[in-house]
Amino acid sequence: MSYVKPRLLKGMRDFLPADMRRRQYVISKIKSLFRRYGFEACETPTMEYADILDGKYGEEERLIYRFEDKGRRQVALKYDLTVPLARLVGMYQQELTMPFKRYQIQPVFRSEKPQKGRYREFYQCDVDIVGVNSILADAELILLAIDALERLGFKDFKVRINHRRLLSAIAEYSGVPKSQADAIAISIDKLDKIGIDGVRKDLTARGIEEKSRDKIIDLITLTERSETASPEDMLNQLRPILKDFSSAQDALDDLEYLFSTLKGLSIPSERYDFDLTLARGLGYYTGPIFEIYVAKPKIGSIGGGGRYGNLIGMFMRRNVPATGISLGLERIIDVMSELDMFPDNLDQIHVLVGLFNVETAVYSLQIAKQLREAGIFTDIYYQPVKLKKQFAYANKKNIPYVVMAGPDEQKENKLALKDMKTGEQRRMDLQQAIIFLGERYENQIG
RNA sequence: GUGGAUGUAGCUCAGCUGGUUAGAGUGCUGGAUUGUGGUUCCAGAGGUCGCGGGUUCAAGUCCCGUCUUCCACCCCA
């Protein structure tokens, strides 16, 4: 027989049942919350025509997986869920009810060099609101993201908020040519990592003139100084400085509205921050931008998003405003694993029906059948091996209860239900067992 | 994409300056007089030392290449 060494492609992963318990736990919580906020599900294919994705991501475009298919079409694996959504809206305009609120939980692909918390295939959990100009939509997405993370047990995280047009205004204000605006954004985004002197050096290295550089640094230090200041105070400080730039005023208005809404929703102020240095890489953002940040495990952002005003317009003849936020499933899971945030009873199977001997096998199968009809997750042992082995199997699979039914039980039309944790075992009839297990696992039985 | 580290039984690792049949713990399989487990005891199976070349009388141990994982940069979920 020929042998192929089993192996995985770089950055790709298998999920064993132990992994899937955690993934499904997180997905089901997120999904039910999305629905609670009035979003409906959507999916798009793994592959798109390459030109659907081209020209949307800026620098990051080099990370798109590209192939030629057998029909010599240029195809690409989807890189995020936002651009496919834009395509979808462009295609089904007439069939979609506006405003269109959809959630989408699917894998995306990026050919990056893998690291911890960085894979080549990973799931994003996106919620987007299409067709709404109001900043209220952005505020609600931030609320939703915070709600989701808190429900998963996150304690220490923060949503950093900035505005794309503020970044370009900074470039304008400092007198830097438009072509270098992105370079500035990238540079000041590193403030956390390399500090103010690092940014100064970096700006110089990027060929920014001294005069411009100092103006930029002044602005940044303003926000850095104000770490204790409220977002409102910071906006008020910026307003006079950027007075002559009308786009900056619009951005400041947006943010002011956004922050006052968040405040009005009673979101604790430690949950969000105005961060003038936040610059999201993706090219399509045009308005407020957000990033969800955890400090504890050094993994960076676990989600992000923002308003994209022109992207959908690239797939239709008019512009449609939209805003969205994305949660990174595997980073959320990585953080939760690291901080031991998963409940320890993520068991999926409630009871194992053991097999005493061949003569009573059918009786055992009947018990299992009826437990299943009652909605209880029931596994069964198929071979009449030593009870020791059957119990060991239940332990290994973390099954909390075992039913044994031998000749004695069958004679009385009963069964023995054993609690694997306490070792306690009681003889009862099937109905009693169904009631007992049914009450215990009420919330899981569908 | 650039730079660095790593790779030995299913898992976690040991193996000194190259030298005979590659080890431990854990896990796995079987057993300790046959209706009850997670403890203990006994026995056993399991390794092309990531893969491919090369140097040497001799390589897990040195050199080159390649792949994987991890770290930094870049960037991001």
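For the numbers below, each heavy atom of this structure counts, side chains included, while hydrogens, waters and symmetry mates do not. Every chain is numbered from 1, with letters handed out A, B, ... down the list of sequences.
In this structure, A:Tyr393 reaches neither bases nor backbone, as no heavy-atom distance under 4.0 Å exists between it and the strands shown. Using a 4.0 Å heavy-atom cutoff across all strands shown, A:Gly117 reaches at least one base atom of the nucleic acid. Within 4.0 Å (heavy atoms only), A:Lys388 reaches at least one base atom of the nucleic acid. As judged by a 4.0 angstrom heavy-atom cut-off over every strand, A:Gly354 is placed among residues making no nucleic acid contact. A:Asp408 comes within 4.0 angstrom of a nucleotide base, judged by non-hydrogen atoms across all strands. Here A:Glu61 lies out of heavy-atom contact (under 4.0 Å) with every strand. A:Tyr123 comes within 4.0 angstrom of nothing in the nucleic acid, heavy atoms only. Among the heavy atoms of the strands lying under 4.0 Å from A:Ile186 are primed sugar atoms or P, OP1, OP2 only; no base atom is included. Contacts of A:Gly11 with the nucleic acid, taken as non-hydrogen atoms under 4.0 Å apart, involve only primed sugar atoms and P, OP1 or OP2.
B:rC62 and B:rG7 have their P atoms separated by 10 Å, with the value rounded to a whole Å. Nucleotides B:rA32 and B:rU68 place their C1' atoms 44 Å apart, quoted to the nearest Å. With both ends at atom P, the span from B:rG30 to B:rC70 equals 35 Å, rounded to whole Å. Of the P atoms belonging to B:rU36 and B:rG25, the separation is 30 Å, rounded to the nearest Å. Taking atom P in both B:rU48 and B:rA5, one finds a spacing of 28 Å when rounded to whole Å. The separation of B:rG1 from B:rC67, taken at their P atoms, amounts to 10 Å, rounded to a whole angstrom. Taking atom P in both B:rG46 and B:rA24, one finds a spacing of 14 Å when rounded to whole Å.
No side-chain heavy atom of A:Ile146 sits under 4.5 Å from any side-chain heavy atom of A:Phe154. When side chains are defined from C-beta on, A:Tyr49 counts as touching A:Arg73, because their heavy atoms get closer than 4.5 Å. A:Phe377 places none of its side-chain heavy atoms less than 4.5 Å from the side chain of A:Leu371. In this structure, A:Val130 and A:Arg102 have side chains that are not in contact, with every pair of non-hydrogen atoms separated by 4.5 Å or more.
The closest donor-acceptor contact from the side chain of A:Thr378 to the backbone of A:Ile376 lies under 3.5 Å. Remark: the backbone N or O of A:Leu278 is paired with a side-chain donor or acceptor of A:Asn162 at under 3.5 angstrom.
When the side-chain nitrogen and oxygen atoms of A:Gln115 are compared with OP1 and OP2 of B:rA72, one or more of them lie within a distance under 4.0 Å. Put simply, A:Lys389 has no side-chain N or O that comes within less than 4.0 Å of OP1 or OP2 on B:rU36. The phosphate of B:rA32 has OP1 or OP2 within less than 4.0 Å of a side-chain N or O from A:Lys386.
The nearest heavy atom of RNA chain B to A:Gly303 and to A:Lys190 marks one nucleotide each, and the one closer to the 5' end goes with A:Lys190.
Distance NZ (A:Lys411) to C1' (B:rG35): 12 Å, rounded to an integer number of Å. Between A:Glu112 atom CD and B:rC71 atom P the separation is 14 Å, expressed in whole Å. For the pair A:Leu141 CG and B:rA77 P, the computed distance is 15 Å after rounding to whole Å.
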Symbol by symbol from the 5' end, with Watson-Crick or G-U pairs under 3.5 Å, [ ] crossing and | another strand, RNA chain B is (((((.(..((((.....[...)))).(((((.......))))).....(((((..]....)))))).)))))....

Shorter than 3.5 Å, N or O on both sides, protein versus nucleotides 44-46 of chain B: list them out with atom names.
none

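A donor-acceptor contact under 3.5 Å links the side chain of A:Lys418 to the base of B:rU36. Checked by distance alone, A:Lys113 brings a side-chain donor or acceptor within 3.5 Å of a matching partner on the base of B:rU2. In terms of polar N and O atoms assigned as donor or acceptor, the side chain of A:Gln425 never comes within less than 3.5 Å of the base of B:rG37 in a complementary pairing.
Between A:Tyr79 and A:Tyr57, the ring center distance clears the sub-6.0 Å criterion.
Distance from the side chain of A:Pro114 is smallest to B:rC70 among B:rA77, B:rC70, B:rG37.
In this structure, CD on A:Glu40 lies 9.0 Å from OH on A:Tyr103, to the nearest 0.5 angstrom.
Sorted by first and then second residue, the ring pair (Phe, Tyr, Trp, His ring centres under 6.0 Å) pairs involving residues 381-411 of chain A (not counting sequence neighbours) are A:Tyr381-A:Tyr393, A:Tyr401-A:Phe436.
Stacking between A:Phe122 and the base of B:rA77 is present: ring centres sit under 5.5 Å apart and the planes differ by under 30 degrees.
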